[in-house]
Protein chains: 2
Amino acid sequence: MFSKATEYALRATIYIAQKSSVEKKLSLAEIATAIDSPPSFTAKILQLLTKDNCVINSVRGPNGGFYITEKSKQLPLKKILEAVNENDLFEKCILGLKKCSETKPCPLHFQYKPIKQELIHLFQTNTIQELSEKADNESLFINNSI
Amino acid sequence: MFSKATEYALRATIYIAQKSSVEKKLSLAEIATAIDSPPSFTAKILQLLTKDNCVINSVRGPNGGFYITEKSKQLPLKKILEAVNENDLFEKCILGLKKCSETKPCPLHFQYKPIKQELIHLFQTNTIQELSEKADNESLFINNSI
DNA sequence: ATAATTAAGGACAAAATTACCTTTAATTAT
DNA sequence: ATAATTAAAGGTAATTTTGTCCTTAATTAT
């Protein structure tokens, strides 16, 4: 479904929202270990999420690391997809047809449409905070190797 | 969503179901042109679909080509995904967590679940024939460049 | 039988994605 | 101020996916 990059972005952001605050920043090493992702590749993705502080924040130096503000926690998951340039995924034709549209629909168009809309709805209505709270309850999901 | 390979597999199969019969086989060249896919790569994918005649059939030589039997037209789209080994796509965790399950769910698990089931339902209930008939009505969808 | 045609199959190439490593810049603690 | 720490940034490497090409095998038409 999603690329590795997007999966890591979602997992990392949820983890950061769960565990961080301005006072308690998380290092790349901790994040990558926690979400079971390759550290260097994860660094690149965190950079995307940090661009213009669009989703998360970072500071360098001792006791530096990544954190998320209360304000950013109110952002929809969609923002994460935007940050890693995978936001158009749900817009695309399921058969990969460039010209597929309402007026020129592919044979799956109208059956896929409601599903697509549910996906969009899922990522638009859920905030980062809501997800991180769910993560608190529903077992520590995030470590991929456990 | 899907890989190029899967998109081509779906488009090709629908096109073959639309236009072919045992008497009227379609050449690789015609199929690739019609669905706007790279011919050689498409050849590989058609081979997968032809393995054990699981979805489509082929014959070599003059007036050879690809066709689909009436029986195979009754197969669900899911068969196409199986043939190109992308059938597990809908089984996977949306966050890419290997151990995500009903008892150890990721924070998106229960919200994604119904969507996943609709996707599975879509590919399990629609037959190749049904799709190709839709393609007949809903404009010739398949050429990607028009 | 022979030649022509078409898919099958194998090897290879290009592009995209994923992953790694090293240097630089910023920040902090001493 | 200096040294230590951490992310940023750039380059590179490995892997996967996508795409190409060439030879082989099968079938058909002549």
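Quick note on labels: first sequence line is chain A, next is B, and so on, each numbered from 1. Everything numeric here is computed off the predicted structure, so don't read it as measured data.
Pairing of C/dC20, defined by two Watson-Crick or G-U wobble distances under 3.5 Å, is identified with D/dG11. The partner of C/dT30 is D/dA1, judged by Watson-Crick or G-U wobble contacts that both fall below 3.5 Å. In a base pair of the Watson-Crick type (N1 to N3 plus N6-O4 or O6-N4) or a G-U wobble (N1-O2 and O6-N3), with each distance short of 3.5 Å, C/dC12 is matched with D/dG19.
No hydrogens or angles considered: nothing links the side chains of B/Tyr67 and B/Glu23 as a donor-acceptor pair under 3.5 Å. Between the side chains of B/Glu133 and B/Gln129, a donor-acceptor pair is found at a separation under 3.5 Å.
Closest of all the heavy-atom pairs between A/Leu131 and B/Pro107 is CD1-CB, 3.3 Å.
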With sugar-phosphate taken as primed atoms, P, OP1 and OP2 and all else as base, the protein-contact string of nucleotides 20-30 of chain C at under 4.0 Å (heavy atoms; B, S, -) is BB---BBBBS-
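Side-chain atoms of A/Thr6 do not come within 3.5 Å of backbone N or O of A/Phe2 as any donor-acceptor pair.
Nucleotide D/dA7 holds its C1' atom 11 Å from the CD1 atom of A/Ile31, rounded to whole Å. Between A/Ile35 atom CD1 and C/dA19 atom C1' there is a gap of 14 Å when expressed in whole angstrom units. For the pair B/Asp36 CG and D/dT18 P, the computed distance is 15 Å after rounding to whole Å.
Contact check, B/Tyr8 against D/dG19: a side-chain N or O comes under 4.0 Å of OP1 or OP2. Close to C/dA8, at under 4.0 Å from its OP1 or OP2, lies a side-chain N or O of B/Ser58. Between C/dG9 and B/Gln47, a contact under 4.0 Å exists linking OP1 or OP2 to a side-chain N or O.
Within the 4.0 angstrom heavy-atom criterion, only backbone atoms of the sugar-phosphate kind lie near A/Leu26; the bases stay farther away.
The aromatic rings of A/Phe123 and A/Phe90 lie tilted to each other, with the angle between the two planes from 30° to 60°.
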